[in-house]
Structure formats: structure tokens, C-alpha cells
There are 2 protein chains.
Amino acid sequence: MRPNSSDDPGLRAILGGTEIPTAYKIGYVLNFYREPSFRAIEMEFGLTRPEIVILLALHFREGITASEFCEFSGHLKAGVSRAVIVLEKKALIRRQTDPRDSRRQLLFLTEAGRALYARYIPVLQAREAAMLACLSAAERRQLDGLLDKLAAHVPAWAGVSEL
Amino acid sequence: MRPNSSDDPGLRAILGGTEIPTAYKIGYVLNFYREPSFRAIEMEFGLTRPEIVILLALHFREGITASEFCEFSGHLKAGVSRAVIVLEKKALIRRQTDPRDSRRQLLFLTEAGRALYARYIPVLQAREAAMLACLSAAERRQLDGLLDKLAAHVPAWAGVSEL
DNA sequence: TGAATTTGGTCTCATATTAGACTTTTTTAT
DNA sequence: ATAAAAAAGTCTAATATGAGACCAAATTCA
């Protein structure tokens, strides 16, 4: 039988017998991954959380608009708007009004933005590696497969307001 | 071959080719689980995020202190202190100075606290079920097993400041 | 002992985040 | 065409949060 949270007393003290075991555990692990890394980046580079995430997103999807970013990231548009204004002031991104719809502003990284990203991404990578170090290669593949499935399914329930 | 995020163009647009794929996906899924639920609970019950989480933790581990909660939850002590004060004012928890160390305050749910918890936990449960609906029973067991392993391993890296 | 350090918890001030109102542009319906 | 509705983004005022100073109780160790 595979050990799980109900076997190990130390772990049980942390994870306990919540009524949302999976969500709780995901939250627990992610918190310890994300909070310290983000705090360090905030401090060292003077960025806010949405700023960090926007740079991250632009790195693989340049030319998106603020509201597209809101949609797939779940961030609130006020926060994103502020972050975008600040990022432009800092010359880390460039805004270009969409010629086909002048309400929309397409967002692009500048060279400085790309350079800043390159300075903080290694921290996040190292911490991800540390988080996953306890899993074998096969287990990581398994985990990634499950996460892909969960991620693909998000649109089916994320917006359902009764939940 | 199992489909994954690099195959589906729609998903790729969301998850992209980040350099922290696992962490990014966990964050993506968890965001959509947690943010809307917590926002709803905040609004409906007039609780703040740390207040919600403290009630959740006390439900399976009564008698812990604020700093123990900080340790295993990763929350900051200032926020927890504030939340504890407010929760006591609202008569949702009770504080009892530890007779063996009068700096420490043991925290307990009151009946009202238990009742409030009982009103909001179903929302979180329903949303967790929706999130996991795309996985088979076997896959959920797999996921929980991997999460238990990750959670058990957290103490090994969470505090390492070089990361 | 008793001085120095550590620990649990609170407080303060500066900053970040929220909900929701508002402006402008585009789309839809008539 | 034109009025109504929707959408993108910004702004504002209230609230929440974060880093770190602070106090009091407990522990260490000379």
C-alpha cells in the first residue's frame, strides 16, 4: 500500500483531515513554492506580483491584450491595468494600440523587459526543481500529464457561478 | 502517446512554453479553483483570506497557536495575528493562554465558528469536485499520491533561502 | 542568579489590491 | 443610420497586506 497523508503523523498534523484534501494539498505545496520566490523577486527587482506574472506570460505569448491576460490568468483587470501602466513607465513592455480595434492595446516585451525576465526566471526554475526533486522522472511525467488534463478542463467549470 | 500541453493549440495559448511548466500549471489550476471561491466567501461572510484559512485549519487541528499556523501554512505572522484578533471579536474562535508558556495562545473554534465553517465548506467541496471531474478515480488516487509525496517533501526545500 | 538571546504576538506605516464607477470605442439591433 | 448594449481600459476610495519595529515572556548560558 502506498503511503499517504493519513499514515504519516507529521504530515497529518499539517495536511490534516480537511474536507477538500486535493485542493488543500495543492495549495499547501504551491504556497511554499510561490510565496517566497515571488517575495524575493518583488524585493530584489521592485516588481509587484501582477507585473511579474505579466512579464512571464508575455515571454511566451507576446502581443496579447490586458483583457486576454485577465481571462486566462484569472487576474482582475484593475490590477492588470495598473501593472501594465507601470511596466510601460519602466520601459519593460511596449503598448501598441490595435489598429483593428482602438480600445485594445497589444503588449510586447522590450529588450529591457526580456533582460529582466532572464534575471529572475532562474530563481523560479531552481525552486521548481527543488519542489519536484522528490519525484522520479516517471512520476513527474505522470504529474505533468494529470496537470495538463486538469488545466485543459478548467474552462468547463471555472466560470460556473453556482460553485 | 499521451496528449499534453504542447499538442493542443488552445491549451498552448494558455499554458504556453514557460520555463517552469509544472509550477505554472499548478498555479493556473489552483488560481481558478481558489480565487473565485475565496472571493465569494469573503463577500458573503465578511471574512478575509487568512480568516477563512484559519477556520479551515482549526477545524482539523484545534488548539494550535498562531505561530504554529504560520509555520505550516506559510502565512505571515502579522496577518495571522490580525485575523486572530478579528476572529475572536466576531466570536468565531476562542483564545486561551497556554498555562505552560504565557506567550502562547491556544486557538479553538467556538460553536459559531464551527457553524460558519459548515456554511462555506460545501462551496469549496463542490468546486474541488468540479475541478477533479475530468479525472478518473484511478487518476485522482494517482494525483493524491503525488501530492502527498510533494507535501511531505516541502520541509526539505521550503526554507532554503538560496532558491 | 541575571544578562543576553530567542520566541510569540501586536502594532505601525507604506504599499498593494479590491469592487465598482467611469470613459471611450465597437458591436448589435432596430 | 442611430440608439442601446457591450467591451477595453482607467480611475477612485476603501480595505487588506507586507516588512519590520516593538513588547513581554521564556530560555540560554556564563
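Please read all numbers here as calculations on a predicted model, not as lab measurements. Residue numbers begin at 1 in each chain, while the letters A, B, ... track the order of the sequences.
- Protein chain A contacts DNA chain D from D/dA6 to D/dA19, reading 5' to 3' and using non-hydrogen atoms of the protein with a distance under 4.0 Å.
- Contact check for B/L109 versus B/L92: no side-chain heavy atoms found under the 4.5 Å cut-off.
- A pairwise comparison of heavy atoms in A/V80 and A/C70 identifies CG2-SG, 3.7 Å as the closest pair.
- For A/V29 against B/W157, the heavy-atom pair with the smallest separation is O-CH2, 4.2 Å.
- Looking at heavy atoms from C-beta onward, A/R127 lies in side-chain contact with A/P36 at the 4.5 angstrom threshold.
- Residue contacts shown for B/S67 are limited to sugar-phosphate atoms, with no base heavy atom under 4.0 Å away.
- Counting only heavy atoms from C-beta outward, the side chains of A/V53 and A/F69 approach each other to under 4.5 Å.
- As rounded to whole Å, 15 Å separates atom C1' of C/dG9 from atom CZ of B/F69.
- Nucleic acid contact for B/S81: base, since at least one base atom lies under 4.0 Å from a heavy atom of the residue.
- For the residue pair B/I26 and A/L147, the shortest heavy atom distance occurs at CG1-CD1, 3.6 Å.
- Here the closest non-hydrogen pair linking A/L132 and B/L150 is CD2-CD2, 4.1 Å.
- Remark: B/R94 does not engage B/E111 in a salt bridge, criterion side-chain N to carboxylate O under 4.0 Å.
- For DNA chain C, the neighbouring residues in residues 83-95 of chain B, judged by any heavy atom under 4.0 Å, are B/I85, B/R95.
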Report task. Could you walk me through whether B/L30 and B/F32 pass side chain to side chain contact (heavy atoms under 4.5 Å, CB included), step by step? Result -> CA-CA 5 Å; B/L30 186 67; B/F32 279 101; over 6 Å; no

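- Side-chain atoms of B/I121 and A/T18, non-hydrogen and from C-beta on, never get closer than 4.5 Å to each other.
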**Report entry** Contact letters for nucleotides 16-24 of chain C, in which S counts primed atoms plus P, OP1 and OP2 and B counts the base, heavy atoms under 4.0 Å
**Finding:** SBBBB----

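- Computed from coordinates, the B/R100 CZ to C/dT7 P distance equals 18 Å when rounded to whole Å.
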